[in-house]
Each structure stands twice: as C-alpha cells, then as structure tokens.
2 protein chains.
Amino acid sequence: MEPHEPDLTAVPVTAVLAALADEVRLQIVRALAEGGETACGTLDFGVSKATRSHHLRVLREAGLTRTRAAGTSRYVRLRRDELEKIYPGLLDAVLTPRPPA
Amino acid sequence: MEPHEPDLTAVPVTAVLAALADEVRLQIVRALAEGGETACGTLDFGVSKATRSHHLRVLREAGLTRTRAAGTSRYVRLRRDELEKIYPGLLDAVLTPRPPA
DNA sequence: GAGCTTGTTCGACATTTGTCGAACAACGGT
DNA sequence: ACCGTTGTTCGACAAATGTCGAACAAGCTC
C-alpha cells in the first residue's frame, strides 16, 4: 500500500501543529533536519519499535515527511521545501534548539 | 489567584504547539491577532462557556495570551511581541488564513 | 529454505483531552 | 439587597493519544 503521503495543502494546520506537538516527534524532526534522509532504525529515542513506527506515521500523514523503502529499511526525510513554502518560518521557529531569551 | 501567566521561555515548545493545535483555540488566536485585546464573551465559537474558559486557560498557560480583569469581564490579548521574539515566524506561519499553494 | 534484520500492524492499556451542565464567585445596576 | 451578567471551577464522560509486547510481513544472506 502507498505510504499515504498527503498533499500538504490538504492537511489542516492543526494536524501539522499536533504532529509537532510531541517531544519524541520533535526529536525525530530535529534529527531529520540536521541529518537529512535517515533510516528509521537510526531514529532511536528511547521508545519501542512500535511507538517509533506510530510517530513516523503521524509525521508522514501530517505531510511533514516522506518515506522511501529500500531493502528491509525505510528512509525518512523532511519535506522542508514544501513546508517552507506553505508555512514559512514554522520549521525554523520550532527547530532552533534553544531560542534566544 | 493569579491567572498563571508563565514566562514564555519556561514553556516547552511542545506545549506552545499543542496549544495551537486545536481548531477552537486557533480561531481564538486568529480573532485576537486581528482584533487585539478582546473580552472573553466576544470570543464565541460554538462551544459552551466552560469549554471556552478551558481553551483560554490552555492558551494562557502556554504563554500565548495575557488576561486582564475589568469589572465582570476579562480581556484577553495575544503576547505577540514575546512570541515573535522567541519563536520568530511561528504566529505568522500559523495565522495566515490560506497560505499560497 | 532457514534465519536474521527491519518495520508495520494489532490489540490492550493508561493518560490526556475536549466537551458539557451545573454550581459557584465576583461585579454592576436598579 | 436583589438580580442579571460574566467567567471559572467541578465532576463526568467520550474520544483521542502515547505506549508497549506480540504477531506478522518483507527482504537479505548464508
């Protein structure tokens, strides 16, 4: 089945925000922003495989990531350009490790 | 009791995003962004008083709004400047009615 | 083909969240 | 002092959400 990667314009803003409003998913997004395309297995943040898979699906269905299958692995990457186009500044606002107080 | 309006730097990003990741609260934020300081009662989006009060508290405790009491009313306003300082671009990215596809 | 690796899916479960009505509190006007 | 207006708080409840282990699926290697 297709990985269900929606058109970003078809995803409600609230869904995008909700996808980012989780500590684990934010860590994933930060890792992807820094490391580019990454194998799922590399994204280990202290949760089980099942939970990680769940979070990756949420991100994917919110239009934040794309997934490419290769062998037994799956490679995930951020849809930065599209995101920047539709929600300019969003990622930067959220990704900066510690915003200047 | 004080309305519990936290220092924005003390609120985790996920809490800010979660506060924005709700349709009703987004409508409230949009109304505040457009209309400036607004009486609670004016913010009617088809939910009960109790629910509206709940949403306003979530926004306040996420550091997004400030509340001022006057008579029997309470006036709410967006903390735009602080928000812009700590999460530059966030509000704009979220507030624009329909971003250009 | 057997076995290992890599992920997804399937319940199950506890927690959180959005919603409401009702009760309560504070203030203003008559 | 009463009453109406404006909001908050208190359960209660249903729905959504994050988490896990176990089972399953798909691919690679020996």
Side-chain angles (χ1 to χ4, degrees), chain A residues 1-6 11-32 35 37-77, chain B residues 1-6 11-32 35 37-77:
Chain A
M1 63 219 66
E2 314 79 45
H4 192 200
E5 290 172 355
V11 179
V13 191
T14 47
V16 176
L17 293 170
L20 292 170
D22 177 275
E23 202 51 61
V24 175
R25 288 196 293 267
L26 248 197
Q27 288 183 273
I28 294 179
V29 169
R30 288 203 189 99
L32 293 178
E37 195 179 52
T38 307
C40 293
T42 311
L43 303 163
D44 190 352
F45 296 105
V47 293
S48 71
K49 287 189 305 175
T51 301
R52 177 187 53 196
S53 207
H54 163 69
H55 286 310
L56 288 173
R57 180 172 48 191
V58 173
L59 289 172
R60 179 173 9 100
E61 293 184 351
L64 291 170
T65 60
R66 288 199 189 279
T67 304
R68 177 177 63 91
T72 76
S73 294
R74 275 156 184 276
Y75 291 87
V76 189
R77 65 181 187 282
Chain B
M1 62 222 64
E2 314 81 44
H4 191 201
E5 290 172 357
V11 179
V13 190
T14 47
V16 176
L17 293 170
L20 293 170
D22 178 275
E23 202 52 60
V24 176
R25 288 195 294 266
L26 248 197
Q27 287 183 273
I28 295 178
V29 169
R30 288 202 189 99
L32 293 178
E37 195 179 52
T38 307
C40 293
T42 311
L43 302 164
D44 190 351
F45 297 106
V47 294
S48 71
K49 287 190 304 175
T51 301
R52 177 187 54 196
S53 208
H54 161 69
H55 286 310
L56 288 173
R57 180 173 47 192
V58 172
L59 289 173
R60 180 175 8 102
E61 293 184 351
L64 291 170
T65 59
R66 286 198 189 279
T67 303
R68 177 177 64 90
T72 78
S73 295
R74 275 157 185 275
Y75 291 87
V76 189
R77 64 182 187 282

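Keep in mind that what you see is a predicted model, and the values were worked out from it rather than measured. What you see below is based on every heavy atom in this structure, not just the backbone, and it leaves out hydrogens, waters and symmetry mates. Chain naming here is simple, since letters A, B, ... match the order of the sequence lines and numbering starts at 1 in each.
Within the model, atoms CG of A/Leu59 and CG of A/Leu64 stand 5.5 Å from one another, a figure rounded to the nearest 0.5 Å. Expressed to the nearest 0.5 Å, how far OG1 of A/Thr14 lies from CD of B/Gln27 amounts to 10.5 Å. To the nearest 0.5 Å, atom OG1 of residue A/Thr67 and atom CD of residue A/Glu37 are 9.5 Å apart. Interatomic distance, CG of B/Asp44 versus CD1 of B/Ile28, reported as 10.0 Å (0.5 Å rounding). Annotation: the span from A/Thr65 atom OG1 to A/Arg77 atom CZ amounts to 9.5 Å, rounded to 0.5 Å.
An OP1 or OP2 oxygen of C/dG7 is reached within less than 4.0 angstrom by a side-chain nitrogen or oxygen of A/Ser73. Look at A/His55 and you'll find a side-chain N or O under 4.0 angstrom from OP1 or OP2 of D/dT19. In this structure, B/Arg52 does not reach the D/dT6 phosphate: none of its side-chain N or O atoms is under 4.0 Å from OP1 or OP2. Between B/Arg25 and C/dG18 there is a side-chain N or O to OP1 or OP2 distance below 4.0 Å. For the OP1/OP2 pair of D/dT8 and a distance below 4.0 Å, the side-chain nitrogens and oxygens of B/Ser53 include at least one atom meeting the criterion. OP1 or OP2 of D/dC20 sits under 4.0 Å from a side-chain N or O of A/Thr51.
Rounded to 10°, the helix from C/dG1-D/dC30 to C/dT30-D/dA1 has 20° between the axis fitted to its first five pairs and the one fitted to its last five.
One atom, CG of B/Leu59, and another, C1' of C/dT17, lie 14 Å apart when rounded to the nearest Å.
Listed candidates were C/dT5, C/dT8, C/dG28. Nearest to the side chain of A/Thr72 is C/dT5.
Taking every heavy atom of residues 41-50 of chain B and every atom of DNA chain D, pairs under 4.0 Å involve B/Gly41, B/Lys49, B/Ala50, by number.
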Side-chain donor-acceptor pairs of residues 51-58 of chain B under 3.5 Å, sequence neighbours excluded:
{"unit_1": "B/Thr51", "atom_1": "OG1", "unit_2": "B/Ser48", "atom_2": "OG", "d": "3.1"}
{"unit_1": "B/Arg52", "atom_1": "NH1", "unit_2": "B/Cys40", "atom_2": "O", "d": "3.4"}
{"unit_1": "B/His55", "atom_1": "ND1", "unit_2": "B/Arg25", "atom_2": "NH1", "d": "3.0"}

